[in-house]
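Each remark here refers to the structure printed beneath this line.
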Amino acid sequence: MPEPVKKTVSAFAKKPKTQVAEEGATVVFETETEKPDAKVRWQSNTKDLASGDKYMIKADGNKHSLTIQAVTKEDGTAYAVIAGGSKVKFDLKVKEKEVMEEVKLEVKKEVKEKEEEAQGGAGDPAAPAATDTLAPEEAPAPAETPAAADTTPVAPQPGANIQAHDTPGFDESQAPDTKTDLTGLFTEKPQSGEVAVGENINFVAKVNAASLLKKPTIKWFKGKWMDLASKSGKSLQLKELYDRNSKVYTFEMQIIAAKPSFAGAYRCEVSSRDKFDSCNFDLTVHEARAVEGFDIRAAFRRTSVDGSEEAGELDFSALLKKRDSFFKGSPGHRASKSQVKSEPDEDVWEILQKAKASEYEKIAFQYGITDLRGMLKRLKKMRKEEKKSEAFLKKLDPAYQVEKGHKMKLCIEVANEDVDVKWLKNGQEIQSTGSKYIFESVGNKRYLTINHCSLSDDATYTCVVGDEKCTTELFVKEPPVTITSNLEDQMVMKGERVELECEVSEEGATVKWEKDGVELTRDESFKYRFKKDGRKHVLIINEATKEDCGHYTVKTNGGESMAELMVSEKELEVYQNIADLTVKAKDEAVFKCEVSDETVKGIWYKNGVEVKADARTHITHIGRIHKLTIDDVKPEDQGDYTFVPEGYAFNLSAKLNFLEVKIDYVPRQDPPKIHLDCMGHTADSTIVVVAGNKLRLDVPITGDPAPTVIWTKGEKVMTEGDGRLHVESTKGHCIFTIEGADKQDEGLYSVIVRNPAGEDKADINVKVVDAPDPPSAPRILSVGEDSCVVQWDPPKSDGGNPIIGYVLERKKKKSYRWMRLNFDPYTDTTYEAKRMIEGVEYEMRVYAVNAIGMSCHSAASQPFIPVAPTSEPVGLCVDDISDTTISLKWRTPEHLGSSELDGYGVEYCKEGSDEWVPAFEGLTERTSVIIRDLPTGEKMQFRVKAYNMAGPSAPTSLAQAVTIREIMQKPKIWIPRNLRQTLIKKVEETINLVIPFQGKPRPVITWSKDGEPLNPKQVSIRNSDTDTILFIRKSERKDSGKYEVKLQIENVEDTASISIQIVDLPGSPEKLKIMDVWGFNVALEWKPPKDNGNCEITGYMVQKADKKTMEWYTVYELYRRTNCVVADLIMGNEYIFRIYAVNMVGLSLEPCFSADSAYIQKTGFEYKPPTYKEHDFSEAPKFTHPLVSRSVIAGYNATLSCSVRGIPKPKVTWYKNKMDISNEAKYRMFSKQGVLTLEIRKPCSFDGGVYMCKAVNASGEDAVECKLEIRPPGTFPQAQITKEERDKQMNKAD
């Protein structure tokens, strides 16, 4: 048997039903879900609905509701509610109100009568006289002249569209040219605008996408954080257009039917990959403009953009006033009082607020309100009052912002310290797992801490306390991407590969590369390649050319870094030149040279003819060494040989000399002879060798027998004891070789040859030349905005060759790459380096160059920073002046540059002189200075300079010379506000009065008290140029009084007075008496204290004490009168009393006690408690909801439910076909709050029948029953329960 198909279980426990409503009514659809956390969506014609003015969607646990306000005919359609995979459809049917039609006919009739009367008045000669009785505001406006018509603006109709630049007062000639005066992505920015209530307004932004790789994204904000994309709907529409020809995106934001709450600051942001731009603008909403003349048809007409009746609201109270004044002022109103009754002015809204909902239609008809739906919406808004929260003392702010990676702490204050709170994120409860969320409770404060905020934490957070909640928005802001490792300057040869590398703070960040301000992209030739490896970004340039020279910049949204690339032509350096050779016949001639580039090829020439390789001639190229070898030299091999490197415009030349040896035959003996014709022979018989090279002296000799050869240097005989020295003699030659010659090998060498026939001697002068020593460390003489002047000393040794110039290098302090500043040797020892970045720390070093080569680099200079002098100080003016001093003040320069300000220097000179004298030594960091010891009556000029690392700025001077003479100023006392009334102080408190004044020269100050001089032992007076101070360390009662201060300059004076009151504790009251004792009461009377503490007695403290315990209790505090009655005393006790006097200082030190005591007599009585009849709460069982007959499918659990009530709780028994099934395992019974449920597990065909539920208690019993039909899967119920059977079951249950 195939397995039965399972039926989908509905997600709804209660489904909404179709309803019928009248126009203007409010309809509520309710549903309940099986799960309390189920997400529910409401739809109308398959479109999702959102909460707003029209629809109100609520969710409370598993209960959900949809409220439709002010129903219209358009709302009569199909609706649906969706939860999970379940969808329930229902309808709303709308009926039109007949009473509204009557109102419309009445209004049309009144309007028609008004028009007829107006037309009749125009043709009647007596009409002008009749209009004289109209009120001024009701009188018709005079006919406009053409000029007036041209200049008077026409008020736009409510709901009309207004562009942001069409607002009143906007002058198009003054509007900025948004298409040209822009620096970002916008080609046209939205402009601030004004609009009246109920009107529409458009804001337009345009973006040119020709240079963008990705479509721009735009966001509209209100205030700082409110994203308007989520608010799009009836009042706000966002549009987007694209012009393919001009590649311009047009973005529009249309505000429909503006309200006063729409006013404020707005922001538009546009972004595309790593490009970003924003613009701020404002919206001003004015009150609705008054319309000249009132047309009742236009007043009750609704206007909107889409033509529907949903748009706009009417101010009904204003409409009613206009309607009343219109009818009262119209001739028809006076002529026909039967049609429109004269009623007193009444506030319709007060009537509506007091009336019942069922009377709204009647009131609307009575007062001529045709827009009933709009009236109900307006009335609902008026009734809304902000309810003070009972659970929260302090709620969450509307929005918070936090940077990515930081933590955020949300805090609320609750009224009840013991209450529990729940935190929700996007409607889901936050669970305390791990260290991401931390919940804290401190007193009545509750905290939610979110650690390591990420973009996923950008959400809506809600705090729930009981039935109340508060919500906030958390915005997670990504921190800007910064550059942690900057680019470094590079200098490369032409054709080399260049890699510019930087490191940023975030992996995968987007960067932009620019060359000289132009963005770089991957072109077709793959000239530039961009490499990204984690946080490293590399710009690769293959085969650099001279066109690649320039400044390269890498930019992120948090910074940028710049480096300079310099490309130079390759210079081929010659490490070893070919030398002239002198060889004999049959010997070997070798021409050898060494260049810097291993890949360079070359051609050998003899007397201008290319040399070809043959059996005797060999041409080799191994690495950087090129050789031309000629075997068995012949006389015809003599000539000029040249080596020409390919691709370079220079050559290396040498001469081959053929030595023809003539030997005269002498029998037996031939004296030795030295034939000194060797390579490197100079005019002064000196041989020059480069240090480190091989020194080889090959001297031809003759003699028979073979002579003995001795080499000497000075008096020292040179032997092969040193590994560098080699002496070799062959037939016809003696060879002297030194490997790796150095400076100590320099000198005069002698070669001596001897044999029996004689001897010969020759001297050879050897000079060893080398690269020079490094120069001294360079010194920085001065710095500029992007340059510096550097100087150095020549090296101590020039290496035997004169210095031909210097080569300089620089680098950034934090870098390891040095960049050469010059390629040709620079002859001077002072150099100006340019093209540096201001504010970056640099170092310099120098090489010395001679004919041999380049020295080692010098030590680096002290680090320096290129910086320009600041701009001049601004606002120099005279602050004060006297006979010998002047006080100047100024403001800091507008441009400080990248260097810190070291200080200011002030100079002065006499008028007409150019000799400026420093006002003080060194610099001052303050922006004000007092210059003393100036000549009285002299005219002086002053100037100020700002100094930084680069030196002084341009000076700023006073506009004209100043005469050093004090200016007379009348004395004036400025009494502080707190001293204009009596100053009250307690005894022993400190009094410190600071009284500022003005007056020049310094006035004479005199203090007095009550007309008498002050006692210097008690009162101290300190005076300065601008104020006087009165000081009393410990005040006493006698210091109270009126103090006067007087300023006097010559015959001019000014006075002021200050009142001081010193207060103390009062004395104790006197003569406390017990005047009467009755019942539980005692009457007391006393007299005020003699000493009131120099201030008013504010009251008395009355205390009582039982003589048994002598514990005092306060009866009255701050009691004003001098008699009182102490009540609620305990009978049988004896009491005594005491009184304290109270003033503004406090209680009197001692109380006044009552001389006698008061005894409260006992009285006896008997208490009889009342009797009550006990109420009988018992009730017989009664089913409030019966069982309902059902038809279910076999194999699926089925339930039967009913509800019962009864006192005491009845016993419930279930029956099937009148058989008790309470103990059968197939069934489960539940009872919860009076709801009884029977669950039948996987019923089969045998489980069908009549089920009965019976409830029994001591007061009676009751029972209900139903039929259960079990049908096979895939079949339909054979018969439905008829309406009569259902009514019968319901009647039985009742």
task = Determine, for Tyr461 and Lys425, whether the Lys NZ or Arg CZ falls below 6.0 Å from the six-membered ring centre while staying within 45 degrees of the axis.
result =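 Verdict for Tyr461: no cation-pi partner in Lys425.
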inquiry  = We want to know whether Ser271 and Thr217 form a side-chain donor-acceptor pair, criterion being a heavy-atom distance below 3.5 angstrom.
reply    =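 No, because no side-chain N or O of Ser271 sits under 3.5 Å from a partner of the opposite role on Thr217.
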In Å, rounded to the nearest 0.5 Å, how long is the span from [atom1] of [X] to [atom2] of [Y]?
X      : Y      : atom1 : atom2 : result
Glu440 : Lys445 : CD    : NZ    : 12.0 Å
Met56  : Thr67  : CE    : OG1   : 6.0 Å
Glu269 : Phe221 : CD    : CZ    : 4.5 Å
Lys512 : Glu519 : NZ    : CD    : 5.0 Å
Trp220 : Leu228 : CH2   : CG    : 9.0 Å
Leu424 : Thr460 : CG    : OG1   : 11.0 Å

With a 4.5 Å limit on heavy-atom distance, are the side chains of [X] and [Y] in contact?
X       : Y       : result
Val285  : Val197  : yes
Asn1197 : Lys1242 : yes
Leu236  : Ile255  : yes
Lys215  : Tyr242  : no
Ile412  : Trp423  : yes
Val1212 : Met1229 : no
Tyr437  : Asp457  : yes
Arg41   : Lys39   : no

Give a yes or no answer on whether the side chain of [X] reaches the backbone of [Y] with a donor-acceptor pair at less than 3.5 Å.
X       : Y       : result
Ser1203 : Gly1234 : no
Ser278  : Cys268  : no
Asn451  : Ser435  : yes
Lys436  : His452  : yes
Ser505  : Thr482  : yes
Glu417  : Ala415  : no
Lys54   : Ala70   : yes
Asp48   : Gln43   : no
Thr556  : Val481  : yes
Ser272  : Pro216  : no

Residue pair [X] / [Y]: nearest heavy atoms and the distance that separates them:
X      : Y      : value
Arg446 : Asp418 : NH2-N, 4.3 Å
Glu560 : Lys555 : OE1-CE, 3.3 Å
Cys411 : Leu396 : O-CD2, 3.5 Å
Pro190 : Ala205 : CD-CB, 3.8 Å
Lys395 : Lys469 : NZ-O, 4.4 Å
Val28  : Gln19  : O-NE2, 2.8 Å

inquiry  = Evaluate Phe530 against His537 for side-chain contact (heavy atoms from CB on, under 4.5 Å), listing each step before the verdict.
reply    = CA-CA 7 Å; Phe530 308 99; His537 293 258; over 6 Å; no
query = Above 12 or not: heavy atoms from other molecules or residues under 6.0 Å from CG of Asp60?
reply =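 Not buried by this count: 12 neighbours or fewer within 6.0 Å.
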inquiry  = Heavy-atom count check: over 12 atoms from other residues, nucleotides or ligands less than 6.0 Å from Asn426 CG?
reply    =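 Yes - once you tally the heavy atoms of other residues, nucleotides and ligands closer than 6.0 Å, there are more than 12.
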Do the side chains of [X] and [Y] get close enough for a salt bridge, i.e. N-O under 4.0 angstrom?
X      : Y      : answer
Glu503 : Arg535 : yes
Lys404 : Glu506 : no
Glu413 : Lys394 : no
Glu499 : Lys531 : no

ask   = Going through the checks in order, is the side-chain contact (heavy atoms from CB on, under 4.5 Å) test met by His406 and Cys453?
value = CA-CA 6 Å; His406 292 201; Cys453 290; 5.9 Å; no
inquiry  = Apply side-chain contact (heavy atoms from CB on, under 4.5 Å) to residues Trp513 and Leu487 and explain how you reach the verdict.
reply    = CA-CA 11 Å; Trp513 292 91; Leu487 299 176; 3.9 Å; yes
task = Sort out for me which residue in Thr31, Ile57, Val81 forms a side-chain contact (heavy atoms from CB on, under 4.5 Å) with His64.
result =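 The passing option is Thr31.
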Ser44: which of Asp75, Leu92, Thr77, Ile68 passes side-chain contact (heavy atoms from CB on, under 4.5 Å) =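 One option only clears the test, and that one is Thr77.
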ask   = Relative to the ring of Phe90, is the ring of Phe29 parallel (under 30°), tilted (30 to 60°) or perpendicular (over 60°)?
value =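 The rings of Phe29 and Phe90 sit tilted, inter-plane angle from 30° to 60°.
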Chi angles and distances behind the side-chain contact (heavy atoms from CB on, under 4.5 Å) call for Val207, Phe186 = CA-CA 5 Å; Val207 177; Phe186 288 109; 4.2 Å; yes
